[in-house]
Amino acid sequence: MYALVDCNNFYVSCERVFDPSLNHKPIVVLSNNDGCIIARSNEAKALDIPMGAPLHLYKQVIQKNNVLVYSSNYTLYGDMSSRVMDSFNYFTPDVEVYSIDEAFLGLNGFEQDAIFSKMLYMKKKIYQWTGIPVSIGIGPTKTLAKLANKIAKKYSRKGVYEVIISDHLSQILSDISVEDIWGISKGWGARLRKSGIYTALQLQRANPCYIRKCISVVGERIVYELKGISMLRLGDINRKKSITVSRSFRVMVEDLPNLKQALANHISRAAEKLRYQKSLCGGLYVFINTNKFRKNDHQYRNVGIATFDEPTNNTIVMIRKGFEVLQKIYRAKYNYKKIGVTFIDLKPNNEELKLDSFEYKRMKNIDMYSIQGNLFKTGSPNAKFSGICMQLLDSINYKMGSGTLFYGSVGINKKIEKNKIQIIENSDAILHNKSASYTTNWTELLRVS
DNA sequence: TCTGGGGTCCTAGGACCC
DNA sequence: TCTGGGGTCCTAGGACCC
């Protein structure tokens with residue numbers, strides 16, 4: 001069984017923790033540049049202010065109803081989020097933080113009959129410890145837990161709802177439209193409707209192979225999940241695969257120095273995040289866009305990409321198994337490129353084995369290294385990243401200076417190949433020129449189950 | 001005048017190899 | 001007129017999520 005815990009109106013609830021006088025008042029919280037409404041209290045939702053609405057379109061409603069407007073404070077929200085997420089550990093070790101305000105919990109250690117009351121108790125405790133109200137959905141799969149959460153928010157006074165496979169579930173599903181299912185939005189919803197599938201129940205009873213053709217393997221998984229067959233396991237996403245820092249400009253920007261200034265800030269922020277999560281960087285991606293809402297202006301967008309795949313003398317390879325053989329292979333590979341490589345044998349009794357790769361590199365003061373022929377950079381040398389970013393920007397803004405362009409936003413995206421940052425475990429796989437990690441084929445998995 | 005920012009996964013198609 | 005087949009890897013783009 002899974003539970004999905006979701007903080008109610010999270011950003012608004014955070015503000016209320018620090019100013020209880022805000023309770024029961026209509027409140028909205030704004031996006032970075034105060035442009036959009038990204039969180040609403042129930043009172044604000046009742047005024048039909050939609051999620052993501054541009055603030056300037058709702059000025060009147062806001063004034064008329066004395067809606068309180070807050071700029072966002074992500075430091076505060078991040079801190080509150082950690083407090084909530086930490087409190088789950090008191091109840092179960094199986095926690096997947098899904099977003100800033102949501103987490104999946106694995107409930108396999110719980111006695112079936114006790115789950116509901118346990119979750120009810122947890123909800124109370126979380127409120128007591130953090131001041132944040134949450135809703136909890138329980139179900140045999142993640143998708144059903146997600147659905148249960150929706151029901152808990154909407155209909156249950158207790159704020160906790162459990163989905164059990166039964167006739168009753170069929171009735172519930174028949175009242176839910178396909179677009180309300182986690183993973184199905186407008187586009188796929190429209191496709192399903194064309195095939196005569198309008199409700200969650202119809203989707204649950206559809207032929208999975210047909211849905212796969214109609215949508216994709218993602219849709220097929222949803223069908224099984226709705227039937228109560230678990231296709232999505234609990235993940236531990238504590239390292240991001242990519243990091244983005246981007247901002248729209250509040251005012252029109254036409255000159256390169258301003259763009260560069262912004263980019264310099266973004267890259268140092270991104271490197272900070274990279275260091276924080278102890279990752280390495282496999283490449284950089286710089287992009288610019290004009291303001292897409294100014295339909296009459298000439299539109300321009302471009303990206304520049306740099307990947308770090310040229311080995312240097314600073315390359316090290318850590319090998320845990322089959323050191324001699326692998327070393328030979330790598331020697332051949334790198335000598336060919338006239339590159340010096342350091343090999344490290346991580347024998348089981350090697351003290352260095354206890355360090356993770358990031359710590360190891362920090363200790364040895366290495367800022368680049370290679371695993372399985374892929375080169376990575378650590379996040380420390382800001383100046384290097386910054387230099388690469390500026391070059392990329394120069395390469396993509398060739399129309400700059402013509403006076404015809406207005407730049408809407410600029411950002412960077414550091415691609416991080418989490419799965420490749422690993423110590424080589426499986427020498428057999430390497431010897432046979434196969435990758436040491438395997439991807440699961442969903443079709444196979446379905447056949448087995 | 002003002003229109004968010006940060007993620008994930010999957011697929012199709014091209015390049016390349018034997 | 002005929003014009004391998006199968007595999008892998010990479011990337012852009014499209015869909016979805018909060």
Side-chain angles (χ1 to χ4, degrees), chain A residues 4 6-7 9-11 28-39 50-59 62 69 71-72 74 77-78 81 96-104 142-143 146 149 178-191 212-222 231-232 235 237-252 266 269-270 273 277 282-283 285 287 289-295 301 303 305 307 309 372-374 408-420 432-435 438-443:
Chain A
L4 177 77
D6 186 320
C7 301
N9 313 327
F10 183 54
Y11 296 170
V28 295
V29 177
L30 305 178
S31 61
N32 248 298
N33 280 342
D34 290 346
C36 283
I37 293 162
I38 53 166
M51 175 67 178
L55 177 65
H56 66 98
L57 294 182
Y58 287 84
K59 275 260 155 74
I62 284 169
V69 180
S71 292
S72 44
Y74 286 101
Y77 309 150
S81 174
E96 174 193 328
V97 177
Y98 179 65
S99 73
I100 193 162
D101 69 334
E102 270 179 70
F104 284 101
K142 284 170 109 177
T143 306
K146 202 66 179 151
N149 186 278
V178 277
E179 291 88 352
D180 285 336
I181 300 166
W182 182 45
I184 302 219
S185 187
K186 267 201 302 194
W188 290 354
R191 268 192 237 177
R212 185 182 187 138
K213 272 186 211 139
C214 183
I215 298 179
S216 72
V217 65
V218 181
E220 186 181 21
R221 263 175 238 162
I222 291 172
M231 290 285 124
L232 308 168
I237 314 166
N238 44 28
R239 272 208 187 129
K240 305 260 188 287
K241 291 180 174 169
S242 72
I243 291 173
T244 308
V245 178
S246 68
R247 291 286 178 279
S248 296
F249 289 104
R250 199 191 281 259
V251 292
M252 290 296 183
H266 296 346
R269 178 82 190 96
K273 290 186 182 183
Q277 69 167 40
Y285 181 97
F287 60 90
N289 296 311
T290 47
N291 185 341
K292 65 179 176 190
F293 294 101
R294 290 176 64 106
K295 299 253 187 313
R301 60 172 57 193
V303 298
I305 301 166
T307 51
D309 50 5
Q372 291 188 295
N374 297 291
S409 70
V410 57
I412 71 137
N413 179 328
K414 298 156 77 70
K415 294 186 166 190
I416 296 139
E417 305 279 308
K418 174 194 166 196
N419 293 327
K420 290 183 183 170
H432 293 98
N433 201 20
K434 300 256 193 230
S435 163
Y438 299 95
T439 38
T440 313
N441 182 328
W442 276 101
T443 324

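In what follows, every heavy atom counts, from backbone to side chain, and hydrogens, waters and symmetry copies are set aside. Each chain gets a letter, A, B and so on, in the order the sequences are listed, and its residues count up from 1.
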How long is the line joining CD1 of A:I243 and C1' of B:dG5, in whole Å?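 Roughly 14 Å, once rounded to whole Å.
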Under a 3.5 Å cutoff on both atom distances, Watson-Crick or G-U, what's the dot-bracket for DNA chain B ([ ] crossing, | other strand)? ....||||||||||||||
Would you say [N] has OP1 or OP2 under 4.0 Å from some side-chain N or O of [X]?
X      : N      : answer
A:S246 : B:dG4  : no
A:R221 : B:dC9  : no
A:S216 : B:dC10 : no
A:K146 : C:dC18 : yes

Choose from [options] the nucleotide whose nearest atom is closest to any side-chain atom of [X].
X      : options                : value
A:K273 : B:dG6, B:dG4, C:dA15   : B:dG6
A:V245 : C:dC18, B:dG6, C:dA15  : B:dG6
A:R191 : C:dA15, B:dC10, C:dC17 : C:dA15
A:T244 : B:dG7, C:dC16, C:dC18  : B:dG7
A:D101 : C:dC16, B:dG5, C:dC18  : C:dC18
A:S99  : B:dG4, C:dC18, B:dC10  : C:dC18

Run the side-chain hydrogen bond (donor to acceptor under 3.5 Å, both in side chains) test against [X] and tell me which residues pass, sequence neighbours left out.
X      : value
A:Y58  : none
A:R191 : none
A:D101 : A:S99

Using a heavy-atom cut-off of 4.0 Å across all strands, would you classify A:I184 as base, sugar-phosphate, or nothing?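 Touches sugar-phosphate only.
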On a whole-Å scale, what distance lies between the P atoms belonging to C:dC18 and B:dT3?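 Looking at atom P only, C:dC18 and B:dT3 are 25 Å apart.
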Find every protein N or O atom lying less than 3.5 Å from an N or O atom of nucleotides 1-3 of chain B, and list the pairs.
from  : atom 1 : to    : atom 2 : distance (Å)
B:dC2 : N3     : A:H56 : ND1    : 3.4
B:dC2 : N4     : A:H56 : ND1    : 3.4

Please tell me if the side chains of A:K273 and A:V245 come closer than 4.5 Å, counting only heavy atoms from C-beta onward.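 Contact flag for A:K273/A:V245 side chains = yes.
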I want to check something: taking the side chain as every heavy atom from C-beta on, are A:L55 and A:I62 in contact at a cut-off of under 4.5 Å?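 A side-chain contact under 4.5 Å exists here.
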Can you list, pair by pair, the side-chain donor-acceptor contacts under 3.5 Å of residues 31-39 of chain A, counting residues two or more places apart and other chains?
from  : atom 1 : to     : atom 2 : distance (Å)
A:S31 : OG     : A:G35  : N      : 3.4
A:S31 : OG     : A:C36  : N      : 3.0
A:N33 : ND2    : A:S248 : O      : 2.7
A:D34 : OD1    : A:S71  : OG     : 2.9
A:D34 : OD2    : A:S71  : OG     : 3.2

Residues two or more places apart in sequence or in another chain: which of them pass side chain to side chain contact (heavy atoms under 4.5 Å, CB included) with A:S185?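 Partners of A:S185 by the side chain to side chain contact (heavy atoms under 4.5 Å, CB included) criterion come out as none, since no residue qualifies.
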Listed by chain and number, what are the ring pair (Phe, Tyr, Trp, His ring centres under 6.0 Å) partners of A:W182, not counting sequence neighbours?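 Checked A:W182 against ring pair (Phe, Tyr, Trp, His ring centres under 6.0 Å); matches are A:Y98, A:F104.
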